[in-house]
Amino acid sequence: MLNRPNWTDYFMEITKLVASRSSCIRRKVGAVIVKEQRILATGYNGVPKNIEHCSKENCIRTKNNIPSGQRHELCRGLHAEQNAIIQAALHGVSIKDSVLYCTTQPCIVCAKMLINADVKKIVFEGDYPDSLAMDMLKEAKIELIQYKKA
């Protein structure tokens, strides 16, 4: 009998590798969108292309002591989930009925995007201070799994 990999562990390890590409100085987040055990798109948090990477000097959130989970519009960067969705769209890849693996629970902005993109399941590791996001994902009947490595 063949040993089958633990797909959740496998894809969560990949999210951590993807997160290492992040240009954010506050938190490194990675996201991987998967369907039928195939990676469709990846994303990490950071500034849009052709924009200077974040630093202590130009981080709006650090300068203004903005807590995590608040005032998402006051940031130079995009979230990992947003970048993964954009990457899929840019390359013409449908993410309908896919699974999102992410190092952190999605925020409300990402949650709304994932709901409308018809993602069916989200596996995330770290918490994020955004209960509205979790409430909306549950109401949309998206399966939520908080990952804990055995």
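Residue indices begin at 1 and follow the sequence shown. These numbers come from the heavy atoms of this one structure, side chains and all, not from hydrogens, waters or symmetry mates.
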Do you know which two heavy atoms are closest between Lys28 and Ser23, and how far apart they sit?
NZ-C, 4.5 Å

Nearest heavy-atom approach of Ala19 to Gly30 is CB-N, 3.3 Å

Beyond-backbone contact of Met12 with Lys149, side-chain heavy atoms, under 4.5 angstrom:
no

With heavy-atom distances below 4.5 Å as the criterion, would you say the side chains of Cys59 and Arg76 are in contact?
no

Give the minimum heavy-atom separation between Gln70 and Ile66, together with the two atoms involved.
O-CG2, 3.5 Å

Step through the shown structure and confirm whether more than 12 heavy atoms of other residues, nucleotides or ligands are within 6.0 Å of CD on Gln37.
yes

Nearest heavy-atom contact between Lys96 and Lys35 is O-NZ, 3.1 Å

Would you say Val123 ends up clustered with Leu40 if hydrophobic residues are merged whenever their side chains have heavy atoms under 4.5 Å apart, either directly or through other cluster members?
no

When you look at NE2 of His53, are more than 12 heavy atoms from neighbouring residues, nucleotides or ligands closer to it than 6.0 Å?
no

Under 4.5 Å between side-chain heavy atoms, counting indirect links through other Ile/Leu/Val/Met/Phe/Trp/Tyr residues: same cluster for Leu100 and Tyr147 or not?
no

Could you check whether any side-chain heavy atom of Glu52 comes within less than 4.5 Å of a side-chain heavy atom of Val47, counting everything from C-beta outward?
no

Just so I know, are the side chains of Lys63 and Glu57 near enough to count as touching, which here means a heavy-atom distance under 4.5 Å?
no

Checking Leu137 against Ile115 for the side chain to side chain contact (heavy atoms under 4.5 Å, CB included) test, could you report, in this order, the C-alpha distance in whole Å, the side-chain angles of both residues, the deciding distance, and whether it holds?
CA-CA 7 Å; Leu137 290 165; Ile115 291 166; 3.8 Å; yes

Taking the side chain from Asn64 and the backbone from Arg61, do they hold a donor-acceptor pair closer than 3.5 Å?
no

Of Thr15, Val34, Val32, the one forming a side chain to side chain contact (heavy atoms under 4.5 Å, CB included) with Thr42 is Val32

Would you name the heavy atoms of Ser68 and Tyr128 that are closest together and state the gap between them?
OG-CE1, 3.4 Å

Could you see if Met113 belongs to whatever hydrophobic cluster contains Phe124? Use Ile, Leu, Val, Met, Phe, Trp, Tyr and a side-chain cutoff under 4.5 Å.
yes

side-chain contact (heavy atoms from CB on, under 4.5 Å) partners of Lys141, counting only residues at least two apart:
none

When clusters are formed by joining ILVMFWY residues with side-chain heavy atoms under 4.5 Å apart, either directly or through shared neighbours, do Ile122 and Val29 land in the same one?
no

What verdict does the side chain to side chain contact (heavy atoms under 4.5 Å, CB included) test give for His72 and Cys107, after you've listed the backbone C-alpha separation in whole Å, the side-chain angles of each residue and the deciding distance to 0.1 Å?
CA-CA 9 Å; His72 300 287; Cys107 73; 3.5 Å; yes

Where Cys54 and Ile25 come nearest, the two heavy atoms and their spacing:
O-CG2, 3.7 Å

To the nearest 0.5 Å, how far apart are CG in Leu114 and NZ in Lys121?
14.5 Å

Here the ring-ring contact (aromatic ring centres under 6.0 Å, His included) pairs for residues 88-109, sequence neighbours left out, are Phe11-Tyr101

With the threshold set at 4.0 Å, does a side-chain nitrogen-carboxylate oxygen contact exist between Glu143 and Lys138?
no

Leu78 versus Asn45: any side-chain heavy-atom pair under 4.5 Å?
no

Test His79 against Val109 for side chain to side chain contact (heavy atoms under 4.5 Å, CB included), laying out the working first.
CA-CA 9 Å; His79 286 186; Val109 175; 5.9 Å; no

Could you go step by step and tell me if Cys102 and Glu125 meet the side chain to side chain contact (heavy atoms under 4.5 Å, CB included) rule?
CA-CA 7 Å; Cys102 195; Glu125 188 168 35; over 6 Å; no

Lys56 and Thr62, any side-chain heavy atoms less than 4.5 Å apart:
no

Give a yes or no on this: more than 12 heavy atoms of other residues, nucleotides or ligands lie within 6.0 Å of atom CZ of Arg21.
no

At what distance, to the nearest 0.5 angstrom, does CZ of Arg71 lie from CD1 of Ile60?
11.0 Å

Is there a chain of hydrophobic side chains (I, L, V, M, F, W, Y, each step under 4.5 Å between heavy atoms) that links Ile39 to Ile95?
no

Would you check if there is a donor-acceptor pair between the side chains of Asp127 and Gln146 at a distance under 3.5 Å?
yes

